[in-house]
2 protein chains.
Amino acid sequence: MAAVRLQDVAARAGVSQATASRVLNGSTRIPGEGVADRVRAAARELGYKPNAQAQALARASTGLLGLIVHDIADPYFSSIVRGVQTAARTARKQVLLASTDRDFDIERESVSTFISHRADAIVLAGSRQSGDLDRALEAEFDYYRANGGRVVVIGQPLAFGSAVEPENHCASGQLADALAEAGHTQFAVIGGPGNIRTAVDRRNGFVEALSRRGLTTMVEVSGPFTRDGGYAAARRLAAALQLRPDSGATPVCVFAVTDVMAIGAIAAWREMGLVVPRDVCVAGFDDIPTLRDHTPSLTTVVLPLEAIGAQAVQLALHSGSDDLRERVPGQVVLRDSTRLP
Amino acid sequence: MAAVRLQDVAARAGVSQATASRVLNGSTRIPGEGVADRVRAAARELGYKPNAQAQALARASTGLLGLIVHDIADPYFSSIVRGVQTAARTARKQVLLASTDRDFDIERESVSTFISHRADAIVLAGSRQSGDLDRALEAEFDYYRANGGRVVVIGQPLAFGSAVEPENHCASGQLADALAEAGHTQFAVIGGPGNIRTAVDRRNGFVEALSRRGLTTMVEVSGPFTRDGGYAAARRLAAALQLRPDSGATPVCVFAVTDVMAIGAIAAWREMGLVVPRDVCVAGFDDIPTLRDHTPSLTTVVLPLEAIGAQAVQLALHSGSDDLRERVPGQVVLRDSTRLP
DNA sequence: CTGAAAGCGCTTACAG
DNA sequence: CTGAAAGCGCTTACAG
């Protein structure tokens, strides 16, 4: 049994294929009521389903939205994807998903494949190298944009394309201020990869706000943007600061540039017998959903993750060749993990 | 600037379109070296990218894999999706993702859309109503399968299609046994929706294993398959059992049919001043990644979530019209949340 | 080994 | 308002 085609519907309704097409999909010029009804009835009886591939070929657009994330299992990204999904559904777009495992080769391949599939837009979530963008990737995007494709990035402003930009630098500064005003005097940082813009911005925003108050970080360590990256970095940090359980000393306040890293850090310290916030304090960034049930509750900068995903879809759907930029502020929330005695 | 077509490549290489097609995509009968090289060079110089839509129309398959989950932000599903992504990538398939928000209407629409896009296979993750499957959904699938589409479900065996089935009933029984052998004597259950097969199987497996030992649950409550569902159910359970902080009584052991619900339950109890496992014990199911950094550590049944996603892809890619069934055992792991004094 | 031509299932000017 | 026909960009028997 072959799939029923538009032609089958047309034959059954006793009209031409063009007419059937118009009543079933065409917007303007809907044929006379009687005809339209006959066509719709025929389509229903036959169980007609338009072939999206054929429609895409005949029309300009595919209705496909390409979405690329570093790791779909990371709560930061899965929250964003949720927002994208919801917005895409109301816009009647289908989402083509790629999770790159933080591998830039895979990322580039994904872009290439999405272009082959003629996605109407490509959303790139997760920051990239700052400075010189991968040459090959840029070439892909140039080609894509030249052919009418829209690209929007979440997290880093590229030299081209639209962007949804969390105010990482500014919000990190506000976090530093809030912490200092809460009485913290000693700071340290667990940063991310040096070629990831988001990591760098957050670290800089924090450190610069501190220096404005005449404060300096005692130590800085860094690692991959993952739970394990935070875990490993935290061990090095503990060694550097010679942290001891219940030493009685004023706890150092550590800024982990990501909630996920902060959680890894807390796990590492717990294994060493260190208690947060008694022996060491820590703040994160993002406000991933997981935090809700984490102990101790984590001080962080709240980012509206789902809304960010939805906004990316809005920018992606925006007709017009101009590139848009949407800034998203973060909100500092102090919780148990930075509570002073 | 229009996208470069195969014809452009052929012209530049001085060969026919058929030849260009064969060297660039066709498998058998690769033309002579010289010709092939010229075509490849032309394709590279022009930046040719095959139009996947056109290829899909001309060939039989689209290379698309439709994946439907209840909620992409739920760690259970995002872990599975990660496994699907990885397997799909190695199989060179693209993933079309739909997150339904646990709405069966949206689920049906997603299936319908995936069929329109002529996905080669559709993977449905998340259990459905047991018994009478949504009539409309079934009709969609019948049509789809009749046209060569493969469907594979994760979690529930449908009347048709392939399936990756965690051994919910059996593993829950093993969990009950392990708990009883650890010394627990009083039990309760936080179950899921009555029309969700997975929830029912897990509850039954647990309760039946208990009864084999002459034990009965003291109370059973249930709620939606979510963190908040577990939270609300836990409050009702606490009221029913009249749980009090530090009462000194032997803690009741509660089986929440999902880790996500168990985490919500612990949060509810914590707010009531109840301490796990001192005042109440709890075990979950799934072993979502989040558990790794949860306090207290949660007793659960480990399911290889990513592997399950990967297996679903294998079944989806399996050529042949026969339906396959893959059973996945769970492994009980006892942790702090059920530790007796 | 290579090419001319038909066909995949739709949409959309262009006529009537 | 409706239809005949061309075209979207590929693949693939069928000939040569």
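The sequence lines fix the lettering, A, B, ..., with proteins before strands; numbering per chain opens at 1.
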Q. Which dot-bracket string fits DNA chain C when only Watson-Crick or G-U wobble pairs with both atom distances under 3.5 Å count, crossing pairs get [ ], and | stands for a partner on a different strand?
A. |||.||||||||.|||
Output one line per pair: protein atom, nucleotide atom from nucleotides 13-16 of chain C, and distance, for all N/O pairs under 3.5 Å.
none

Q. Can any side-chain N or O of Ser112(B) pair as donor or acceptor with the backbone N or O of Arg108(B) at less than 3.5 Å?
A. no
Q: Please tell me which of the listed nucleotides, dC10(C), dC10(D), dC8(D), lies nearest to the side chain of Arg5(B)?
A: dC10(D)
Q. Do Asp103(A) and Arg89(B) meet the salt-bridge criterion of a basic N to acidic O distance under 4.0 Å?
A. no
Q) How close or far is atom P of dC10(C) from atom NZ of Lys49(A), stated in whole angstroms? A) 12 Å
Q) Atom CD of Gln55(B) and atom P of dC8(D): how far apart are they, to the nearest Å? A) 17 Å
(Q) Tell me whether the side-chain N/O atoms of Ser21(B) come closer than 4.0 Å to OP1 or OP2 in dT11(D). (A) yes
Q: Could you tell me the separation between the CD atom of Gln17(B) and the C1' atom of dC8(D), rounded to a whole number of Å?
A: 12 Å
Q. Quick one: on DNA chain C, does Ala58(B) or Ala58(A) contact a more 5' nucleotide (nearest heavy atom)?
A. Ala58(B)
Q) Does Asn51(A) or Gly14(B) map to a spot on DNA chain C nearer the 5' end, using the closest nucleotide for each? A) Gly14(B)
Q.
Please report whether the ring centroid of Phe225(A) lies less than 6.0 Å from that of His70(A).
A. no
Q: Tell me which nucleotide among dA4(D), dC10(D), dC10(C) gets nearest to the side chain of Ser16(A).
A: dA4(D)
Q.
Check this for me: does any side-chain nitrogen of one of Arg150(B) and Asp120(B) sit under 4.0 Å from a carboxylate oxygen of the other?
A. no
Q | Atom of Arg325(B), atom of Gly161(B) and distance for their closest heavy-atom approach | A | NH2-O, 3.2 Å
Q: Assess the side chains of Ser16(A) and Thr19(A): does a donor N or O sit below 3.5 Å from an acceptor N or O?
A: yes
(Q) Less than 3.5 Å apart, any donor N or O on the side chain of Arg82(A) or Ser99(B) sitting next to an acceptor on the other? (A) no
Q.
Measuring to OP1 and OP2 of dG3(D), would you say a side-chain N or O of Thr19(A) lies under 4.0 angstrom away?
A. yes
Q) Testing Ser79(B), Pro75(B), Ser78(B) for side-chain contact (heavy atoms from CB on, under 4.5 Å) with Ser78(A), which one passes? A) Ser78(B)
Q. Between dG7(D) atom P and Gln53(A) atom CD, what is the distance in whole Å?
A. 23 Å
Q: Using the C1' atoms only, state how far dT12(D) lies from dG16(D), rounded to an integer number of Å.
A: 16 Å
Q) What distance do Arg118(B) atom CZ and Gln53(B) atom CD have between them, rounded to the nearest 0.5 Å? A) 12.5 Å
